[in-house]
S.K.: 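Input: one structure, supplied below.
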Amino acid sequence: MPGSDARPLLHSQIAIVTGGSSGIGAGVARALGAAGAKVVVNYHSEAGPANEVVADIEKAGSEAIAVQADVSKAADVQRLFAATIEKFGTVHILVSNSGIQKDAAFLDMTLEDWQRVIDVNLTGQFLCVQAAAREFVKRGVQPEISKAAGKIICMSSVHEIIPWAGHVNYAASKGGVMLLMKSVAQELAPKKIRINSIGPGAIATPINLEARDTPAEEKDLLKLIPYGRIGEAADIGKVAVWLASDESDYVTGTTLFADGGMLLYPGFVGNG
Ligand code: NAD
């Protein structure tokens, strides 16, 4: 039974959440903290919002620190993991969540906008996933903590599957994340490392503020969501806790979509 031994699901586990100071990352960091994990809240530029997430986690009874790092830079990622290990001793859970959009019509997209999105959304995943996996292999399984040596959750998107005109860089990065995740899963399962992705649909966060700015835009967005509501960061936090816990011990190499049915082709309703 989940939690029947009365210990929180992620008791004694150390988690890093990249981009943990806003949106989905903040929701995930709070949820992991509430489930008993000690959380490293990575942020890119502003310490203030990261410190607020840290304070919330502490208020809920766990421990947390904020660490600045740009996930697209190898030296920063090394520093993020070194700071985590220095403070908490090791890391058991990585939620590789940082991501950006730089949207443009394909014919107008600059190489710079292509490259930055790939650097953060795909190379950032490579660097963080590799750093986590190296630490998991070095430490090995601690049976009193978890059945796996470590758990990795990549924040992908429904756009690892759904093509997205005007967002070619973003969709290509998320398609890349899918096969990065699956290939790493195949390679590292024998070392007791589980890696999965979460594929959110439309979640109300700063990244998509413009797409739901007016009631008309929000109505258009809702046409894509059979379940009839835009998601909250907390919806994704709950999925992350499950994927990070031994409750999902037999799950690796898959994307769990949390999208209110966006992937069900709602445009076909009444059209065929
Ligand atoms: P957000 O803008 O609030 O979060 C993105 C986070 O990434 C921010 O905290 C930002 O500071 C951080 N970040 C950006 N560049 C970084 C860098 N170089 N190094 C470290 N951190 C960096 O938006 P969000 O919606 O919470 O996005 C989080 C993740 O969820 C992204 O990977 C995004 O692609 C994915 N996602 C979001 C939605 C949605 O509807 N909101 C849907 C599908 C997928």
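Positions are given from 1, in the same order as the sequence printed here. Note that ligands are numbered from 1 as they come in the structure, with each ligand's atoms numbered from 1 the same way.
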S.K.: Determine whether Ile198 and Leu243 make a side-chain contact, defined as any pair of heavy atoms from C-beta on separated by less than 4.5 Å.
M.R.: yes

S.K.: Can you list the ligand 1 atoms lying under 4.0 Å from a non-hydrogen atom of Asn208?
M.R.: 39 (C), 40 (O), 41 (N)

S.K.: Measure the distances from the heavy atoms of Arg116 to every atom of ligand 1 and state whether one is below 4.0 angstrom.
M.R.: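 Yes, Arg116 has heavy atoms under 4.0 Å from ligand 1.
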
S.K.: Could you tell me the residue and atom name of the protein heavy atom closest to atom 21 (N) of ligand 1, and the distance to it rounded to 0.1 Å?
M.R.: Ser98 OG, 2.9 Å

S.K.: Among Asn97, Ile100, Ile24, which residue places a heavy atom closest to atom 29 (C) of ligand 1?
M.R.: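 Looking at heavy atoms only, the winner is Asn97.
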
S.K.: Tell me whether ligand 1 is touched by Gly199 - counting only heavy atoms on the residue side and a distance under 4.0 Å.
M.R.: no

S.K.: Return the closest protein heavy atom for atom 24 (P) of ligand 1 as residue, atom name and distance.
M.R.: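 Scanning the protein heavy atoms, the shortest distance from atom 24 (P) of ligand 1 goes to Thr205 OG1, 3.4 Å.
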
S.K.: If the contact criterion is a heavy-atom separation under 4.0 Å, does Asn42 count as touching ligand 1?
M.R.: yes

S.K.: Any non-hydrogen side-chain atom of Val40 less than 4.5 Å from a side-chain atom of Val17?
M.R.: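 They are not in side-chain contact.
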
S.K.: What's the shortest distance from atom 42 (C) of ligand 1 to any protein heavy atom, and which residue and atom give it?
M.R.: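 Protein heavy atom with the smallest distance to atom 42 (C) of ligand 1: Gly201 O, 2.9 Å.
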
S.K.: In terms of residue, atom name and distance, what is the protein heavy atom nearest to atom 5 (C) of ligand 1?
M.R.: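 Looking at atom 5 (C) of ligand 1, the protein heavy atom closest to it is Gly99 O, 3.4 Å.
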
S.K.: What's the shortest heavy-atom distance between Val120 and Val71, and which atoms?
M.R.: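 Reported closest heavy-atom pair: O-CG2, 4.0 Å.
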
S.K.: How does Ala26 reach ligand 1, by side chain, by backbone, by both or by neither, if only non-hydrogen atoms under 4.0 Å count?
M.R.: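 The answer is neither.
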
S.K.: Which heavy atom of Val91 sits nearest a heavy atom of Phe136, and at what distance?
M.R.: O-CE2, 3.1 Å

S.K.: Looking only at protein heavy atoms, which one is nearest to atom 9 (O) of ligand 1, and what is the separation?
M.R.: Ser22 OG, 2.9 Å

S.K.: Would Lys174 count as a contact residue for ligand 1, given that I'm defining contact as a non-hydrogen atom of the residue lying under 4.0 Å from a ligand atom?
M.R.: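 For ligand 1, residue contact (heavy atoms, under 4.0 Å) with Lys174 is present.
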
S.K.: Could you find the nearest protein heavy atom to atom 44 (C) of ligand 1 and give me its residue, atom name and distance?
M.R.: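 Closest protein heavy atom to atom 44 (C) of ligand 1: Ser156 O, 3.1 Å.
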
S.K.: Can you find a heavy atom in the side chain of Ser245 that is under 4.5 Å from one in the side chain of Leu10?
M.R.: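 In contact.
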
S.K.: Determine the interplanar angle of the Phe268 and Tyr265 rings, folded into 0 to 90°, and report it as parallel if under 30°, tilted if 30 to 60°, perpendicular if over 60°.
M.R.: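 Rings of Phe268 and Tyr265: perpendicular, as their planes differ by over 60°.
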
S.K.: Check whether any side-chain heavy atom of Glu160 lies under 4.5 Å from a side-chain heavy atom of Phe257, and answer yes or no.
M.R.: yes

S.K.: Regarding ligand 1, does Tyr170 bring an N or O atom to under 3.5 Å of one of the ligand's N or O atoms?
M.R.: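 Yes, there is a polar N/O contact under 3.5 Å.
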
S.K.: How are the rings of Trp164 and Tyr170 set to each other: parallel, tilted or perpendicular (split at 30° and 60°)?
M.R.: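 Plane angle over 60°, so perpendicular.
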
S.K.: Between ligand 1 and Val71, is the shortest N or O to N or O distance under 3.5 Å?
M.R.: yes

S.K.: Show the atoms of ligand 1 that are less than 4.0 angstrom away from any heavy atom in Ala69.
M.R.: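 Reading through ligand 1 atom by atom, the close ones are 19 (N), 20 (C).
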
S.K.: Could you tell me which non-hydrogen atom of Arg229 sits nearest to which non-hydrogen atom of Glu232, and how far apart they are?
M.R.: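 Where Arg229 meets Glu232 most closely, the heavy atoms are NH1-N, 4.2 Å.
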
S.K.: Do the side chain of Ser62 and the main chain of Glu58 share a donor and acceptor less than 3.5 angstrom apart?
M.R.: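 No, the answer is negative, given that no donor and acceptor are paired below the 3.5 Å cut-off.
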
S.K.: Of all the heavy atoms in Thr18, does at least one lie under 4.0 Å from an atom in ligand 1?
M.R.: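 Per 4.0 Å heavy-atom rule, Thr18 does not contact ligand 1.
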
S.K.: For atom 11 (O) of ligand 1, grab the closest protein heavy atom and report residue, atom and distance to one decimal in Å.
M.R.: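 Checked against all protein heavy atoms, atom 11 (O) of ligand 1 sits closest to His44 CB, 3.9 Å.
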
S.K.: So is Gly20 polar-close to ligand 1, meaning N/O to N/O under 3.5 Å?
M.R.: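 Such a contact does not occur with ligand 1.
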
S.K.: State whether the shortest distance between N or O atoms of Asp70 and N or O atoms of ligand 1 falls below 3.5 angstrom.
M.R.: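 Yes; the residue has a nitrogen or oxygen that sits under 3.5 Å from a nitrogen or oxygen of the ligand.
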
S.K.: Taking the side chain as every heavy atom from C-beta outward, state whether Glu112 and Lys102 have any atom pair closer than 4.5 Å.
M.R.: no

S.K.: Indicate whether any N or O donor in one side chain lies under 3.5 Å from an N or O acceptor in the other, for Asn97 and Thr18.
M.R.: no

S.K.: Tell me whether atom 39 (C) of ligand 1 lies less than 4.0 Å from at least one protein heavy-atom position.
M.R.: yes

S.K.: To check your reading of the model: name the closest protein heavy atom to atom 43 (C) of ligand 1, its residue, and the distance in Å.
M.R.: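 Closest protein heavy atom to atom 43 (C) of ligand 1: Pro200 O, 3.4 Å.
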
S.K.: Ser72 and Arg116: side-chain donor and acceptor closer than 3.5 Å?
M.R.: yes

